[in-house]
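Inspection log for the structure reproduced underneath, given as structure tokens.
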2 protein chains.
Amino acid sequence: MSDTREQLLEVAERLTQTKGFNGFSYLDLAEEVGIKNSSIHYHFKAKVDLAIALVERTHDDLLTAMADLDKSNITPEKRIKSLISYFQGYIKEEKYCLCGMMAAELQTVGPKVKKRLVAYFADLQAWLEKQFKALGHKDAKVRALQFVSALEGSLLLARLENKPSVVGQALGNLIK
Amino acid sequence: MSDTREQLLEVAERLTQTKGFNGFSYLDLAEEVGIKNSSIHYHFKAKVDLAIALVERTHDDLLTAMADLDKSNITPEKRIKSLISYFQGYIKEEKYCLCGMMAAELQTVGPKVKKRLVAYFADLQAWLEKQFKALGHKDAKVRALQFVSALEGSLLLARLENKPSVVGQALGNLIK
DNA sequence: ACACCTATCTACATGTATATAGATTAAATT
DNA sequence: AATTTAATCTATATACATGTAGATAGGTGT
């Protein structure tokens with residue numbers, strides 16, 4: 001298995017999270033990985049294919065993280081708090097959520113990416129709904145929507161104001 | 001006063017809200033307004049100057065809207081609901097909040113824009129805090145932060161899922 | 001040894017992006 | 001009428017961006 005492809009994804013992920021998918025080029029990517037920019041086309045024929053791979057990778061990551069939390073023997077409340085930490089980690093590296101970023105750039109990434117973004121947020125919301133149900137909340141579905149909204153918005157503000165604590169403050173009332 | 005400058009700002013505002021500030025060029029802008037792209041430099045020397053003008057304009061718009069709501073003889077609750085409508089209007093045009101968009105693209109817009117984005121969100125939050133205080137909420141400050149977070153996040157999701165109602169659902173519990 | 005595959009390279013094509021210099025036009029001022 | 005200012009234009013510079021074509025070098029399997 002090609003290590004280069006993996007490296008390209010890692011660097012592209014970081015660049016998307018920091019500068020946006022329209023904020024870097026194949027040349028930026030190539031220089032960081034140490035190959036020629038034309039060689040990237042071997043791994044990702046067009047830039048949109050890179051975008052698709054990035055969203056799928058991020059989605060898979062999230063599914064794995066959520067499945068791990070499901071397996072672990074802790075309360076739903078602690079599961080949710082762990083998920084918050086998962087996202088909060090972005091802030092100290094001045095990153096934003098990759099799927100949130102692409103959702104902002106929605107009109108430029110094409111329908112295939114859009115479809116996968118919808119799936120990403122649907123899965124995130126579904127998992128949260130399950131946790132809220134386990135906590136006995138009648139409004140689990142709406143609460144999950146409120147949570148995802150507040151999460152994405154607070155990640156934006158936290159990075160802007162350089163205050164990771166903003167994320168916890170914005171989500172605090174939804175957990176208990 | 002130059003009408004062209006105003007037109008440029010209007011088109012640039014829409015393009016930023018739909019495609020992101022890095023998602024359009026001076027050429028796109030020029031073609032829509034009907035001048036040559038080099039002529040834009042007369043009005044906005046560099047693209048960053050356009051970005052600054054856009055954020056300031058959006059900020060002024062918001063301050064005016066909030067001042068109008070303060071003047072009008074309605075309850076704080078209705079004032080907040082009116083503000084929600086103000087932002088919700090973006091969705092049916094497939095737009096996202098201009099300042100939210102630039103906050104996502106933060107690492108590419110430069111420190112001058114960043115400073116103005118911080119000011120924009122500070123004023124929005126301060127106004128909301130005032131309304132929540134008028135409603136007798138002890139946690140007015142935190143609540144305002146939660147509101148802004150949920151607002152920005154829900155605008156992102158509402159556009160992605162083409163469901164304007166998402167905004168109201170995400171903010172509902174914070175008003176009452 | 002030969003054919004094939006993987007991953008990269010060089011070289012190029014085409015178009016875009018931001019920006020500058022200097023000419024031109026038209027309106028406003030003296 | 002002459003001068004100045006505002007706004008736009010043409011033409012150009014420089015750099016970047018995405019992508020294609022074809023060559024190359026090294027490894028794999030028969």
Side-chain angles (χ1 to χ4, degrees), chain A residues 1-55 57 98 101-102 104-114, chain B residues 1-55 57 98 101-102 104-114:
Chain A
M1 192 68 27
S2 164
D3 180 56
T4 304
R5 189 191 148 93
E6 189 55 29
Q7 264 183 274
L8 285 169
L9 283 171
E10 273 164 29
V11 174
E13 180 179 302
R14 174 170 50 75
L15 289 174
T16 302
Q17 289 182 287
T18 50
K19 302 160 111 59
F21 190 72
N22 293 327
F24 72 93
S25 71
Y26 267 25
L27 186 58
D28 299 322
L29 201 47
E31 279 171 357
E32 281 213 44
V33 173
I35 59 173
K36 296 291 163 181
N37 74 75
S38 57
S39 303
I40 301 176
H41 292 278
Y42 174 78
H43 302 279
F44 305 99
K45 200 154 181 19
K47 208 184 174 192
V48 66
D49 299 310
L50 175 60
I52 291 168
L54 285 171
V55 175
R57 183 186 147 99
L98 184 137
M101 185 67 87
M102 290 212 187
E105 295 173 305
L106 192 65
Q107 316 282 321
T108 67
V109 292
K112 286 185 187 174
V113 175
K114 177 171 176 176
Chain B
M1 195 62 33
S2 165
D3 180 56
T4 303
R5 189 191 149 94
E6 189 56 28
Q7 264 183 274
L8 285 168
L9 284 171
E10 273 164 29
V11 174
E13 180 179 300
R14 174 171 49 76
L15 290 174
T16 303
Q17 290 182 289
T18 51
K19 302 160 109 62
F21 190 72
N22 293 327
F24 72 95
S25 71
Y26 267 25
L27 187 57
D28 299 321
L29 201 47
E31 279 171 357
E32 281 214 45
V33 173
I35 58 173
K36 296 291 163 181
N37 74 75
S38 56
S39 303
I40 301 176
H41 291 278
Y42 175 78
H43 301 279
F44 304 100
K45 201 156 182 17
K47 208 184 173 192
V48 66
D49 299 310
L50 175 60
I52 291 168
L54 284 172
V55 175
R57 183 187 147 98
L98 185 137
M101 185 68 87
M102 290 212 187
E105 296 174 304
L106 193 66
Q107 315 283 320
T108 68
V109 291
K112 286 186 188 174
V113 175
K114 177 171 177 176

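These numbers come from the heavy atoms of this one structure, side chains and all, not from hydrogens, waters or symmetry mates. To find a chain, count down the sequence lines: A is the first, B the second, and so on, and within it residues start at 1.
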When you measure from the side chain of [X], which nucleotide among [options] comes out closest?
X       : options                : value
A:Ser39 : C:dA17, C:dC9, D:dT20  : C:dC9
B:Ile35 : C:dA17, C:dT8, D:dT8   : D:dT8
A:Asp28 : C:dT8, D:dA17, C:dT20  : D:dA17
A:Leu27 : D:dA17, C:dA19, C:dT10 : D:dA17
B:Ser25 : D:dT8, D:dG19, C:dT18  : C:dT18
B:His43 : D:dT8, C:dT20, C:dT8   : D:dT8

Are A:Val113 and A:Phe21 side-chain neighbours, meaning at least one heavy-atom pair lies under 4.5 Å?
->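 No, too far: nothing below the 4.5 Å cut-off.
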Heavy-atom side-chain proximity of A:Leu98 to A:Val55 below 4.5 angstrom |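 Heavy-atom side-chain distance check passes, below 4.5 Å.
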Is any side-chain nitrogen or oxygen of B:Lys36 closer than 4.0 Å to OP1 or OP2 of D:dT8?
->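 The answer is no; no side-chain N or O of B:Lys36 sits under 4.0 Å from OP1 or OP2.
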B:Glu105 (side chain) donor-acceptor with B:Asn22 (main chain) under 3.5 angstrom |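 Checking the backbone N and O of B:Asn22 against the side chain of B:Glu105, a donor-acceptor pair under 3.5 Å is found.
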Hey, which sits more toward the 5' end of DNA chain C by its nearest nucleotide, A:Tyr42 or B:Phe21?
->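 Looking at DNA chain C, the more 5' nearest nucleotide goes with A:Tyr42.
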Is there a donor N/O on one and an acceptor N/O on the other, under 3.5 Å, for the side chain of A:Ser38 and the base of D:dT18?
->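 Answer is no: no donor-acceptor pair is held.
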